2 protein chains.
Amino acid sequence: MNIGEIARRAGVSRSTVSYALSGKRPVSDDTRRKIQQVIDELGYRPNASARALANGRTNTIGLVFPPAGNHYTGMQLDFIGSVVEAAAAYDYDVLLSPSGVDSDRSFQRLLGERRVDGAILMEIRLEDDRVDHLAELGFPSVAIGRTAHPEGGWWVGLDHTALAAACVHHLADLGHRRIAFVNRPEQLLRAGYESAHRGLDGFTKAAAERGLTVRTYCCGDDAASGQACLERILHDDPATTGLVTLNEAALGGLYRGLAQAGRHVPRDFSVTGVVAGRWAETVTPQLTAADVPAEEMGRHAVDLLVERLDHPDGPSRHHLLAPPISLRASTGPATAS
Amino acid sequence: MNIGEIARRAGVSRSTVSYALSGKRPVSDDTRRKIQQVIDELGYRPNASARALANGRTNTIGLVFPPAGNHYTGMQLDFIGSVVEAAAAYDYDVLLSPSGVDSDRSFQRLLGERRVDGAILMEIRLEDDRVDHLAELGFPSVAIGRTAHPEGGWWVGLDHTALAAACVHHLADLGHRRIAFVNRPEQLLRAGYESAHRGLDGFTKAAAERGLTVRTYCCGDDAASGQACLERILHDDPATTGLVTLNEAALGGLYRGLAQAGRHVPRDFSVTGVVAGRWAETVTPQLTAADVPAEEMGRHAVDLLVERLDHPDGPSRHHLLAPPISLRASTGPATAS
DNA sequence: CGCTTCACGCGAACCGGTTCGACAACCGGA
DNA sequence: TCCGGTTGTCGAACCGGTTCGCGTGAAGCG
């Protein structure tokens, strides 16, 4: 069942059916009604591939996300969900593309074979060849994250530097003098992940400003690693009274480590960081944290991409977000020890 | 840059280029080399829409997942990740389709417009019109979950009945006599979600078998609801000493409620349920639970779908999984009270 | 009444691939 | 030398839409 069949049954030509559907040329009410009736009767829908071939747009956007090998964090899930939902509102479908080790292959599929009109990139690195590559090609894309040279690019990012610094100031204001930083896994830091780098920067600078004694750690994205990391922290400096973390997935393990060391949160030890709000609330006591507005970021990314697709020659745009710290129950004044 | 351009530069016809690429007819080594050289030079890749139009296959599978309105659980994330990864291994892309309120619209896009060759459905209901609809159409699809009448269908499911029963027996063996069941939200139960129904069934029957006193609850998919639910449980029957849950997202809240009621896990109260292993380990004490093998299920679903696509006339297949309970630290003998 | 104007619909070309039938060149065997 | 079979290549048709240019009949106008 194709457009020719509809045309035949309605007693008109294929082009007339096409115009009746698209409205790009006037069609008399009579014929339009007749065509619509046949379409409803047969439940006809135009073939997406044929349409994409003819007018050069697939009405699909690609979402390039990290490989499953690493554990997913809740934040990534929220990104995916909100991107899909926002795209649906614009009548775009979302094609998932794992950007694994051989990111070239996946990229070739998306771009070279023209499967998508534009792309949204997650898990950005400070020096990101994917971003550079797309920029060179002039291919419409929006990054969720910000490279070291974001000027002139399209992105929506989180001000990790400021957020980590805010966490440090929060702890310093409470009187903490010896604190630790729990980062994402070392492998990601070495790969240049922007959140890991900027977060670390913000933490280090703010701590220096306040004259704090600090230690920084990398930690795997799971509970067991979090627990192990906390043991190292207390082993390296038992006088530590607080920590800042970017590592959502390790949070449960950090709490467990504290409980087993007999440190009560927040009486003996304060915990804070940058974490999606929904996850900050699952731990007890609930985490005082800068809540990552993942859903808002996903929506923004789609809005920007659609704008870029609709106005290819418009100026580049971006959003830099810096949500405030939500005070919950995991931080408190440093005890005189 | 298209196949005609390649043909021109290589001094051959378009069909020869096509055959050189597909290998469906012999091409002399000389011409093949010449063609390959031009292709490499120009970085040519065949247009996916054109190819899909010509041979009737998109090399894309649709993943129909629940709308973002409800919170996602970690399990769903694991499904998505493993499906994408498994599909990539077969050279399939994955198109995400939110099956929201107007699931018809999204379905029409996927099927009517022929965007995908097959589909994987998540969040199955006992009476699921999507499954029925696809079965009527003979459209290749695989369900992650099992309807009330799974005979002759393609699916990969979890034996929630058996798993919930196993949890009850585990608690009963430890001497618990009064236990509660914490289900998914009431809205989902009413909608007929299979895990909620079968889990409840398994719990109820096993409890009756063991002569236990039980209460069952529905609980929202977030920590606050979990905490509230636990308060209700202890209010309704303070002598309750254990619970079984399917609700991953509420788990943190349940623990918090217990802590605030002064019940120590596992000394005063035992907690168990059916939860993805990775999340069972984030809480303290770690949850004794039947670990949902989400990644394995996603892989199986893709395997089945690809088999169905390759052999449209083969007999239907399915996998019913029933992972054992992993003993961790959240259950213990009932205290004589 | 003859002329322009406009609304409407048609046919053909095109998007970029795949596939089928035909044909030329070459080979060995009778 | 002629014939039959291979091998390699080509042209044309096709997949199912969109879009451009043109023709036609009716309405508008002096």
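Side-chain atoms are counted along with the backbone in the values below, which use heavy atoms only and exclude waters and symmetry mates. Proteins get letters first, then strands, A, B, ... in listed order; numbering begins at 1 in each. Predicted model, so just to flag it, every value in this text is computed and none were measured.
- Using a 4.0 Å heavy-atom distance criterion, B/T31 is classed as a sugar-phosphate-only contact.
- For the pair A/L53 CG and C/dT18 C1', the interatomic distance rounds to 12 Å; values are reported in whole Å.
- Heavy atoms of other residues, nucleotides or ligands lying less than 6.0 angstrom from CZ of A/R308 number more than 12.
- Comparing A/A54 and B/Y19 along DNA chain C, the residue whose closest nucleotide (by nearest heavy atom) sits nearer the 5' end is A/A54.
- Straight-line distance from the CG atom of B/D29 to the P atom of D/dT9: 10 Å, rounded to whole Å.
- Spacing between atom CZ of B/R33 and atom P of D/dG8 amounts to 13 Å, rounded to whole angstrom units.
- Residue A/N59 contributes atom CG, which lies 12 Å from atom P of D/dT18 at whole-angstrom precision.
- The phosphate of C/dT18 (OP1 or OP2) has no side-chain N or O of B/K24 nearer than 4.0 angstrom.
- With hydrogens and angles left out, the side chain of B/R25 and the base of C/dG21 share a donor-acceptor pair within 3.5 Å.
- Here D/dT19 presents its P atom at 12 Å from CZ of A/R57, a figure rounded to the nearest Å.
- Contacts of B/S28 with the nucleic acid, taken as non-hydrogen atoms under 4.0 Å apart, involve only primed sugar atoms and P, OP1 or OP2.
- Ion pairing between a basic and an acidic side chain is recognised when a charged N comes within 4.0 Å of a carboxylate O; A/E295 and A/R299 show no such pairing.
- In this structure, A/R32 contributes its side chain and A/V27 its backbone to a donor-acceptor pair below 3.5 Å.
- Counting atom types as modelled, A/S15 pairs a side-chain N or O with a base atom of C/dG11 as donor and acceptor under 3.5 Å.
- Note: CD1 (B/I39) to C1' (C/dG17) measures 13 Å, nearest angstrom.
- Contact annotation for B/P26: base contact, defined as any heavy-atom pair under 4.0 Å involving a base atom.
- B/N55 places its CG atom 12 Å from the P atom of C/dG17, with the value rounded to the nearest Å.
- The side chain of A/S18 places an N or O atom within less than 4.0 Å of a non-bridging phosphate oxygen (OP1 or OP2) of D/dT18.
- The side chain of A/N47 places no N or O atom within less than 4.0 Å of a non-bridging phosphate oxygen (OP1 or OP2) of D/dG16.
- The CZ atom of A/R14 sits 15 Å away from the C1' atom of C/dG9 (whole-angstrom rounding).
- For B/T16, the listed nucleotide lying nearest its side chain is D/dT9; candidates were D/dT9, C/dA12, C/dG9.
- Between A/R51 and D/dT18 there is a side-chain polar atom (N or O) within less than 4.0 angstrom of OP1 or OP2.
- Counting non-hydrogen atoms of other residues, nucleotides and ligands closer than 6.0 Å to CZ of A/R114 gives a total of 12 or fewer.
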Apply side-chain contact (heavy atoms from CB on, under 4.5 Å) to residues B/F139 and B/V116 and explain how you reach the verdict. CA-CA 10 Å; B/F139 187 86; B/V116 302; 4.0 Å; yes
